[in-house]
Amino acid sequence: MKVSIDIDCTPEEARAFFGLPDVGPMQQALLKDLEDRMRANLAAMEPEALFKTWLPASIEGFETLQRAFWQGMTGGKGGKS
């Protein structure tokens with residue numbers, strides 16, 4: 001003999017029936033914190049922020065770097081013409 005019972009209830013109703021806690025508010029708070037952290041990390045990956053981190057702050061520093069690249073590529077001494 002087989003007996004089957006069909007119970008139609010929502011997850012919230014089942015959780016309340018078994019006495020389990022409602023973790024929805026805690027889950028929302030953790031997701032908000034995770035989202036804030038991800039946004040902060042993505043902001044650090046913007047091209048402008050990366051440029052400021054990798055290169056010297058002044059334009060003169062960039063020109064020096066550019067001259068060094070040209071000297072390396074052309075094999076020249078880097079004198080001004």
Using a 3.5 Å cut-off and no angle test, enumerate the donor-acceptor pairs between side-chain atoms of residues 1-12 and protein atoms at least two apart in sequence or in another chain.
from	atom 1	to	atom 2	distance (Å)
Thr10	OG1	Glu13	N	3.2

Extract all donor-acceptor atom pairs below 3.5 Å that involve side chains of residues 15-31 and protein atoms in other chains or at least two apart in sequence.
from	atom 1	to	atom 2	distance (Å)
Asp22	OD1	Gly24	N	3.3

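We find the CG-CZ distance between Leu34 and Arg39 to be 11.0 Å, quoted to the nearest 0.5 Å.
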